Amino acid sequence: MVHVGQARDRSGPWFLGWCRALGQGDQPPAAFDNLAPDSDGYLWVKQDKYQESFCQDLPDSEARVMAVTQKAPLASTFGDTITNPAWRKKPCWYQISTEDRMIHPDNERRMVQRMNPRKTIELPASHASLASHPGQIAGLIDEAVRELRPSFN
């Protein structure tokens, strides 16, 4: 499993747990105020704040396309309980986006400590690191595949 700038470390209510636990050293995302739930419970990034919140390292034209085609998750998803995270049993690799405004980089680093991935890389990237640093992300995925290839035989 290759985690690219994700919040995936805990059992229990994984997102709300670290977003609300400010007394435990967790940091809210810088773009938290730019999230807007709709009447159906989906959580959108405000279109006029999308680039600065989600993909500040992409060109304006790409950011506009991402803003108008974004797929909003149900806000309730962030309170869902994860009982048996796959990273506990499967090898994983992790990429931290040091300029992420959707997940505070320090929170990602804390998650990585718990997950104990085989390799962690940090990129000077937004939350959209897959789009802004495709070569480095592909390299991490390739490394994971090469390392695991013998287990597929």
Side-chain angles (χ1 to χ4, degrees), residues 1-22 24-88 90 92-115 117 119-145:
M1 297 174 43
V2 178
H3 299 270
V4 178
Q6 299 178 0
R8 295 283 188 259
D9 84 319
R10 301 179 184 190
S11 298
W14 62 272
F15 180 83
L16 293 179
W18 60 259
C19 244
R20 292 184 177 161
L22 298 178
Q24 297 175 4
D26 289 332
Q27 301 288 326
F32 192 77
D33 291 336
N34 297 337
L35 301 176
D38 67 15
S39 60
D40 293 322
Y42 288 89
L43 192 59
W44 299 87
V45 179
K46 297 174 187 173
Q47 283 194 10
D48 64 330
K49 301 290 186 179
Y50 194 88
Q51 185 173 22
E52 73 181 64
S53 302
F54 196 88
C55 55
Q56 70 273 13
D57 53 353
L58 291 177
D60 293 347
S61 59
E62 288 183 51
R64 275 193 299 279
V65 170
M66 291 177 85
V68 299
T69 60
Q70 66 178 294
K71 304 296 183 219
L74 278 170
S76 62
T77 302
F78 299 109
D80 287 351
T81 298
I82 298 171
T83 56
N84 191 16
W87 58 261
R88 286 192 178 153
K90 299 186 182 297
C92 62
W93 289 255
Y94 201 103
Q95 179 265 314
I96 296 171
S97 293
T98 62
E99 305 303 315
D100 198 328
R101 296 177 182 168
M102 299 303 296
I103 303 171
H104 196 287
D106 288 343
N107 293 343
E108 289 189 57
R109 290 181 188 104
R110 277 190 286 281
M111 290 180 235
V112 164
Q113 287 175 347
R114 287 181 46 108
M115 293 172 69
K119 181 173 185 176
T120 302
I121 63 170
E122 293 198 11
L123 297 175
S126 68
H127 195 67
S129 59
L130 191 59
S132 64
H133 292 78
Q136 291 96 326
I137 301 299
L140 185 61
I141 294 168
D142 285 344
E143 183 176 326
V145 169

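Values in this document were obtained by computation on a predicted structure and should not be read as measured data.
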Side-chain donor or acceptor of D57 paired with backbone N/O of S126 under 3.5 Å: yes
Distance-only check: which donor-acceptor pairs under 3.5 Å involve side-chain atoms of residues 59-67, not counting sequence neighbours?
from : atom 1 : to  : atom 2 : distance (Å)
D60  : OD1    : Q51 : NE2    : 3.1

Is there a donor-acceptor pair under 3.5 Å between the side chain of E143 and the backbone N or O of K119? no
Supply the atom-to-atom distance W87 CH2 to W93 CH2, rounded to the nearest 0.5 angstrom. 15.0 Å
Any chance you could lay out the side-chain hydrogen bond (donor to acceptor under 3.5 Å, both in side chains) test for Q95 and S129, step after step, and finish with the verdict? CA-CA 9 Å; Q95 179 265 314; S129 59; 2.7 Å; yes
Non-hydrogen side-chain atoms of P117 and T120 separated by less than 4.5 Å: yes
For R101 and E52, indicate whether the former's side chain and the latter's backbone hold a donor-acceptor pair under 3.5 Å. yes
For Q70 versus V45, what's the shortest heavy-atom pair and its separation? NE2-O, 2.8 Å
Backbone N/O of Y42 and side chain of D40: donor-acceptor pair under 3.5 Å: no
Distance, nearest 0.5 Å, that separates CH2 of W44 from CG of L35: 12.5 Å
Value for CZ (R110) from CG (D106), rounded to nearest 0.5 Å, stands at 5.5 Å
Is a side-chain N or O of K46 found less than 3.5 angstrom from the main chain of D33, in a donor-acceptor match? yes
For the student: nearest non-hydrogen atoms of R109 and T98, plus distance: NH2-CG2, 3.7 Å
Could you go step by step and tell me if V112 and E122 meet the side chain to side chain contact (heavy atoms under 4.5 Å, CB included) rule? CA-CA 11 Å; V112 164; E122 293 198 11; over 6 Å; no
For N107 and M111: C-alpha separation, side-chain torsions, deciding distance, then whether side chain to side chain contact (heavy atoms under 4.5 Å, CB included) applies. CA-CA 6 Å; N107 293 343; M111 290 180 235; 4.0 Å; yes
Run H127 and Q56 through side chain to side chain contact (heavy atoms under 4.5 Å, CB included) and show every step you take. CA-CA 9 Å; H127 195 67; Q56 70 273 13; over 6 Å; no
Nearest-0.5 Å distance, CD of residue E108 to CD of residue Q113: 12.5 Å
Closest non-hydrogen atom pair, I103 against P29: N-CB, 4.0 Å
Measure the spacing between CD1 of I121 and CD1 of I96 and express it to the nearest 0.5 Å. 9.5 Å
L123 vs E99, test: side chain to side chain contact (heavy atoms under 4.5 Å, CB included). Steps then yes/no. CA-CA 8 Å; L123 297 175; E99 305 303 315; over 6 Å; no
Taking the inter-plane angle between the rings of H3 and Y94 on a 0 to 90° scale, is it parallel (under 30°), tilted (30 to 60°) or perpendicular (over 60°)? parallel
Min side-chain heavy-atom separation C92-V2 under 4.5 Å: no
OH on Y50 to CG on L58, rounded to 0.5 Å: 9.0 Å
